[in-house]
Amino acid sequence: MANIIDGKLVSASLRDKIREDVKAFTEKSGITPTLAVILVGEDPASRVYVRNKHKACLDAGIGSIQIELPADTTEDELLSRINALNMDENVHGILVQLPLPKHINEEKIINAIDEKKDVDAFHPANVGRIMTGKYDFLPCTPAGIMSLLDYYKIDIEGKKCVVIGRSNIVGKPMALLLLERNGTVTVTHSRTKDLAAVAREADILVVAIGKPLFVTAEFVKEGAVVIDVGINRTADGKLVGDVDFASVEPKASYITPVPGGVGPMTITTLLRNTLKAAEKSTYEK
Ligand code: NDP
């Protein structure tokens, strides 16, 4: 039987601390850390994410500005919105909810966000800082996973870590963070040969592919720590991860459920990053 890594519990405890830190910062500086979130179009999943971010900000004492734009917003219109937020000194964090409609170049949009307000840490300057280990912001999901591992005192040093998935927002930064903590890291992807055998080497297995219940017991070594990043909705509306929890859980030592594992941690890191952006803009001018 695995220990269940309870992302709701960990995130509630971290958010209590963030709320206290926000309060202390606001009392001292007179400034309310503020996050602006831009949503373009009607994607239902994105709407839910944006709503959850808004609620989480308010609960932490962080100001939340939601900008909802129609699906036919032009790239230039979006760029000029971002520019206005870049210039607004009452806004400390800017997040553009992805994915964007096809006619808008995501890379151009990410590059337009002031790197000091880039609380998602997707701007190439911030990605580069993660590469060198001298960063201000970490991307929300991988940093949230590191917080989970730390909370459960799961040692990374010297451990074999296998990351399945190499996206810019999860897989690659996850690999870098595990490496920074002295894990021995293998990154795998859709062209990896005999993926199950590679995954079975892992002491810590992080799965971020977006394929429901893809990782079964044959991918997992007895006693491994299994982190499931996937969020997939089945035909009957149920949320499932990339890991087949029922078959993997008996073999794992620790495992994250979906929902209630990694998911809540992503927004928690976003709150921390927004506070950090406000602190830096106030005290490091
Ligand atoms: P992407 O689609 O950007 O990347 C998926 C990665 O998985 C790619 O590197 C791809 O390989 C790899 N992959 C796809 N199929 C296979 C396969 N059969 N075998 C091995 N590797 C495969 O996804 P994201 O990283 O953005 O997201 C992954 C999952 O995590 C999704 O379910 C997403 O919803 C979820 N997610 C959850 C978050 C949370 O807060 N919990 C936050 C962000 C994402 P290749 O590069 O070769 O194509």
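Along the sequence shown, residues are numbered consecutively beginning with 1. Atoms within a ligand are numbered from 1 in the order they appear, just like the ligands themselves. The figures that follow rest on heavy atoms only: side chains count, while hydrogens, waters and symmetry mates do not.
Residue contacts with ligand 1 for Ile169 involve side-chain atoms from C-beta outward but no N, CA, C or O (heavy atoms, distance under 4.0 Å). Using a 4.0 Å cut-off between heavy atoms, Thr266 contacts ligand 1 through its side chain alone, with no backbone atom that close. Counting heavy atoms under 4.0 Å from ligand 1, residue Ile231 touches it through both backbone and side chain. At a heavy-atom distance under 4.0 Å, only side-chain atoms of Val170, from C-beta outward, approach ligand 1. Neither the backbone nor the side chain of Thr192 has a heavy atom within less than 4.0 Å of ligand 1.
Looking at Lys211, Arg233, His189 and measuring to atom 21 (N) of ligand 1, the nearest heavy atom belongs to His189.
Ligand 1 does not have Gly171 within reach: every non-hydrogen atom of the residue lies 4.0 Å or more from it. At least one heavy atom of Leu195 sits closer than 4.0 Å to an atom of ligand 1.
Near Gly263, meaning under 4.0 Å from one of its heavy atoms, ligand 1 places the atoms 41 (N). Interface of Phe214 with ligand 1, defined as ligand atoms under 4.0 Å from a residue heavy atom, comprises 17 (C), 18 (N), 19 (N). Close approach to Gly210 involves these atoms of ligand 1, each under 4.0 Å from a residue heavy atom: 28 (C), 29 (C), 31 (C), 32 (O). Close approach of ligand 1 to Asn232 is summarised as follows: ligand atoms under 4.0 Å from at least one heavy atom of the residue are 32 (O).
Under the 4.5 Å side-chain criterion, counting only non-hydrogen atoms from C-beta, Val96 is not in contact with Ile110.
Of the protein's non-hydrogen atoms, Ser167 CB, 4.0 Å is the one closest to atom 1 (P) of ligand 1. Among all non-hydrogen protein atoms, the one lying nearest atom 10 (C) of ligand 1 is Ser190 N, 4.4 Å. Closest protein heavy atom to atom 9 (O) of ligand 1: Arg166 N, 2.8 Å. Of all protein heavy atoms, the one closest to atom 30 (O) of ligand 1 is Val229 O, 3.5 Å. The closest protein non-hydrogen atom to atom 12 (C) of ligand 1 is Ile209 CG2, 3.8 Å. Here the protein heavy atom with the shortest distance to atom 42 (C) of ligand 1 is Thr141 OG1, 3.2 Å.
No option in Val40, Asp43, Asp120, Leu39 other than Leu39 meets the side-chain contact (heavy atoms from CB on, under 4.5 Å) test with Gln97.
Counting only N and O atoms by type, the side chains of Ser29 and Thr282 include no donor and acceptor under 3.5 Å apart. If you check the side chains of Asn83 and Ser80, you find no donor sitting under 3.5 Å from an acceptor. Judged by distance alone, the side chains of Asn232 and Asp242 do bring a donor and an acceptor atom under 3.5 Å apart. Side-chain contact annotation: Asp236 with Thr234, donor-acceptor N/O pair under 3.5 Å present.
Surrounding CZ of Arg81 are at most 12 heavy atoms belonging to other residues, nucleotides or ligands under 6.0 Å away.
Taking the centre and axis of the six-membered ring of Tyr283, the NZ or CZ atom of Lys28 falls inside the cone set by 45° and 6.0 Å.
Looking at Glu27 and Lys23, a side-chain N of the basic residue comes within less than 4.0 Å of a carboxylate O on the acidic one, giving a salt bridge.
Members clustered with Leu239: Tyr49, Ile231, by chain and number, using a 4.5 Å side-chain heavy-atom cutoff among hydrophobic residues.
For atom 27 (O) of ligand 1, no protein non-hydrogen atom is found at a distance below 4.0 Å.
Looking at His123, its side chain does come within 3.5 Å of a backbone N or O of Asn111 through a donor-acceptor pair.
The salt bridge (Lys or Arg N to Asp or Glu O under 4.0 Å) test applied to Arg129 returns Glu115, not counting sequence neighbours.
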